Every structure is written in C-alpha cells, then in structure tokens.
Amino acid sequence: MNSDHRARILVVDDEPANIELLAGIFEDEHEVLFATNGKRALDLAASARPDVILLDVMMPGTDGFQVCEWLKSERATANVPVIFITGVGDTEGEARGLELGAVDYVNKPINPPVVRLRVQHQIELKRARDQLTRMAVTDGLTGLANRRQFEETLERENARLARTGDALSVILMDIDYFKPFNDTLGHVRGDDCLREVSRVLDETISRPADLAARYGGEEFGCILPETALEDAAAVAERVREAIVELGVPHPASEVADHVTASLGVATLHCQPRQSALRVVARADEQLYRAKAEGRNRVCAAGSAER
Ligand code: GH3
Ligand code: MG
C-alpha cells in the first residue's frame with residue numbers, strides 16, 4: 001500500500017471511454033494506472049503492485065477471465081483484489097469471475113457512486129490484510145523479520161536454489177552475557193540493546209535477497225542466498241566488528257567492557273525434498289563452538305556439507 005491514503009488502482013479496459021470515466025471517478029483520491037489489453041495488464045500488475053484491479057470481462061484477444069486466472073496464479077499478483085466489470089444481467093459472467101478469485105464485480109453502464117464505494121471497500125480490506133500480514137511476520141520489539149518469516153524464507157530459498165544446485169548460508173548470532181546485562185542494567189536497557197544490535201545487523205546484511213531475523217530472545221538469524229561459506233563467514237565477521245564498534249557499555253561481560261556477540265555460520269547445498277532446517281542446526285553447533293572458544297568470535301562449519 002502506498003503511503004498516506006492514496007491507493008494505486010489498475011484499470012484494465014479496451015474502451016477509452018470507460019477508462020476516462022473510471023479515471024474521473026478515482027484520480028482525485030487515488031493513483032490510477034491503465035492497461036488496454038491483458039498482456040499489458042499482467043506486466044503492470046507485476047511491476048507496479050496495484051492495491052486493486054478493475055478488470056473488464058469483454059476484451060478482444062485475452063479476455064478478463066484469462067487475465068484473472070494468470071493474476072491469481074502468480075505469487076506477485078495473487079493477493080491483489082480483482083473487481084470485474086461485467087455487462088448488466090451477465091449473471092454467468094459474474095459467477096465465473098467470483099469462482100476465479102475476483103472479490104466483487106460492477107455492472108456496465110458504470111454507476112460512479114457505486115463503483116467508488118465498492119473500490120473503496122476493497123482498498124480498506126486490503127489495507128487491513130496487509131497490516132495483519134506484516135505483523136504476522138515481523139518481530140514487535142526490533143522490527144526485524146520474526147522466526148516464522150525466517151523459516152518460511154529458508155524453505156522457499158532452498159526450493160528456489162535447488163533448481164540450480166546453488167548454495168545458501170545461514171548465520172546464527174547470540175549476544176554474549178546478555179542475562180547479566182539485563183540483571184545489572186535492567187530489561188529496558190536490555191530491550192534498547194536488542195534494538196541497536198538489530199539495526200546494526202540489518203545495515204550490515206545488505207544484499208536485497210538477504211534476510212536478517214530475530215530468531216529468539218537474544219538470538220538472531222540471517223539467510224544469505226547464493227553465498228558460499230567463506231563469504232558468509234566474512235559477513236559474520238563484519239557484523240561482529242560492527243557490534244563491537246557500537247560500543248554499548250556492558251559492565252557485567254566477562255569478555256569485554258562493551259556488548260559483543262558470538263556467531264556461527266553454516267552452508268547448505270540446496271536440493272529439492274530436503275528440509276532446509278538442518279543448516280540451522282549446523283550453524284547452531286558453530287555458535288555453540290564460538291561460545292565455548294571464548295565468545296566475541298565467528299566460527300564456521302569446516303566443510304560445507306557433512
Ligand atoms: P551467553 O554468553 O552464553 O549467550 O550468555 P547469556 O547470558 O547471553 O545467555 P542466556 O541464554 O543465559 O540469557 C539470555 C538472556 O536474554 C536471558 C533473557 O532474560 C534475555 N532476553 C531474552 N529475550 C529478551 C528480551 O526480549 N528483552 C530483554 N531485555 N532480554 C531478553
Ligand atoms: Mg546470549
């Protein structure tokens with residue numbers, strides 16, 4: 001959803017008169033995009049991510065039903081609400097559209113106040129849905145991805161990279177002596193520390209496909225697709241250094257006078273029909289080793305596959 005209250009509406013209709021009419025209804029309040037054929041509609045829907053699509057059933061070439069089927073079959077566009085524009089009395093068309101996943105329909109000739117309200121209703125529902133979806137995958141304290149998003153992303157990236165047999169790496173990180181930090185400075189300072197560490201982690205994990213998540217209380221996880229073990233270990237070392245540079249005072253740490261973290265790294269050669277979660281277990285072993293060897297360090301699995 002765009003910022004403020006402007007939504008982005010994609011109008012798909014082969015008749016310029018209809019496009020003009022619909023633009024007139026919405027353009028003061030919302031951003032309106034147009035497509036006059038199915039192909040263009042699919043391209044725009046995938047690239048511009050509209051909040052709602054108004055789709056004419058009757059178009060030469062690819063009709064609205066076919067366009068709707070395509071939209072619903074693509075991950076990027078499957079959740080965009082589609083409202084069909086049907087001929088008046090076309091009850092069969094209405095039923096078919098709803099079966100294909102459309103959320104509503106409006107009849108021609110277009111009645112501006114009715115179309116406006118029906119579209120507004122869908123925009124509000126989409127906003128509420130988007131907000132719930134965001135909340136379900138975000139950690140409330142730090143704003144990072146939560147464990148659910150971490151695990152879903154891991155399985156999805158494994159499936160995607162299995163096609164090329166590529167590797168992905170996972171970093172697990174745990175703050176050192178965090179219990180004594182809380183015990184001496186209090187939970188409010190503890191929470192502030194988690195937020196600062198999260199920000200540093202998020203800034204250091206910088207490739208678009210990378211994901212930084214809060215995995216548990218003071219444990220964080222990163223997914224680095226198409227990244228070999230040595231490269232992931234170098235990223236983990238940068239994260240470790242950045243946390244040292246943060247310089248958050250830690251009077252109760254046994255390894256430094258500021259907050260530090262230990263990190264474990266492991267790599268998965270992606271394959272179909274394997275659970276990607278085992279790479280997390282291997283990264284966890286390395287994290288355990290980093291703790292045992294003195295903390296404030298990175299340990300990486302000796303060989304990529306065991
Ligand atoms: P180690 O160096 O071995 O990791 O020691 P540690 O003290 O960090 O490890 P331990 O697992 O014993 O302690 C984790 C602490 O993290 C305990 C818990 O109070 C704290 N913690 C977990 N979640 C939160 C949170 O959301 N906020 C705050 N302030 N503290 C949290
Ligand atoms: Mg800890």
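We count ligands from 1, going down the list as the structure has it; atoms in each ligand are counted the same way. Atom set for the values below is all heavy atoms of this structure, side chains included, hydrogens, waters and symmetry mates excluded. These numbers come from a predicted model, not from an experiment.
When heavy-atom distances to ligand 1 are checked against a 4.0 Å cut-off, Ile175 comes that close only through its backbone atoms N, CA, C and O. For Asp191, heavy-atom contacts with ligand 1 shorter than 4.0 Å involve the backbone as well as the side chain.
Note that Arg116 lies outside the cation-pi zone of Phe26, set by a 6.0 Å cut-off to the ring centre and a 45° limit from the axis.
Under a 4.0 Å N-O distance rule, the pair Arg189/Asp192 does not qualify as a salt bridge. Remark: Arg127 does not engage Asp51 in a salt bridge, criterion side-chain N to carboxylate O under 4.0 Å. With respect to the salt-bridge test (charged N to carboxylate O, under 4.0 angstrom), the residues Asp43 and Lys39 qualify. Salt bridge annotation for Glu157-Arg160: present, with a cationic side-chain nitrogen under 4.0 angstrom from a carboxylate oxygen. One finds a salt bridge joining Lys126 and Asp130 here, because a Lys/Arg side-chain nitrogen approaches an Asp/Glu carboxylate oxygen to under 4.0 Å.
Residue Leu194 holds the heavy atom nearest to atom 25 (C) of ligand 1 of all those in Asp192, Thr260, Leu194.
Shown here is Arg199, whose CZ atom has more than 12 heavy atoms of other residues, nucleotides or ligands within 6.0 Å. For CD of Gln131, the number of neighbouring non-hydrogen atoms (other residues, nucleotides, ligands) closer than 6.0 Å is 12 at most.
By the 4.5 Å heavy-atom criterion applied to side chains, Leu268 and Gln274 are counted as neighbours.
With hydrogens left out, the protein atom closest to atom 1 (P) of ligand 1 is Lys291 NZ, 3.4 Å, a heavy atom. At the shortest separation from atom 6 (P) of ligand 1 among protein heavy atoms lies Phe178 N, 3.4 Å. Regarding atom 7 (O) of ligand 1, its nearest protein heavy-atom neighbour is Lys179 N, 2.8 Å. Scanning the protein heavy atoms around atom 19 (O) of ligand 1, the nearest turns out to be Asn182 ND2, 3.6 Å. The nearest heavy-atom contact from the protein to atom 16 (O) of ligand 1 is Glu218 CG, 3.0 Å.
The atoms of ligand 1 that sit less than 4.0 Å from any heavy atom of Arg295 are 1 (P), 2 (O), 3 (O). Here is the list of ligand 1 atoms found below 4.0 Å of a heavy atom in Gly190: 29 (N). Near Pro180, meaning under 4.0 Å from one of its heavy atoms, ligand 1 places the atoms 7 (O). Atoms of ligand 1 lying under 4.0 Å from at least one heavy atom of Tyr177, given by number and element, are 1 (P), 2 (O), 5 (O), 6 (P), 7 (O), 8 (O). Remark: ligand 1 atoms within the under-4.0 Å shell around heavy atoms of Gly217 are 22 (C), 23 (N). Those atoms of ligand 1 that come under 4.0 Å of a heavy atom in Arg214, given as number and element, are 23 (N), 24 (C), 25 (C), 26 (O).
With sequence neighbours left out, the side chain to side chain contact (heavy atoms under 4.5 Å, CB included) criterion links Glu151 to Arg147, Tyr215, Leu277.
Put simply, no part of Glu254 is less than 4.0 Å from ligand 1, judged by heavy atoms.
At least one N, O or S atom of Asp174, from either the backbone or the side chain, sits less than 2.8 Å from the Mg ion (ligand 2).
Here the straight-line distance linking atom OG1 of Thr138 with atom CZ of Arg148 works out to 10.5 Å at 0.5 Å rounding.
Take the Mg ion (ligand 2) as the corner point: the lines to O of Ile175 and to OE1 of Glu218 open at 90°, to the nearest 10 degrees.
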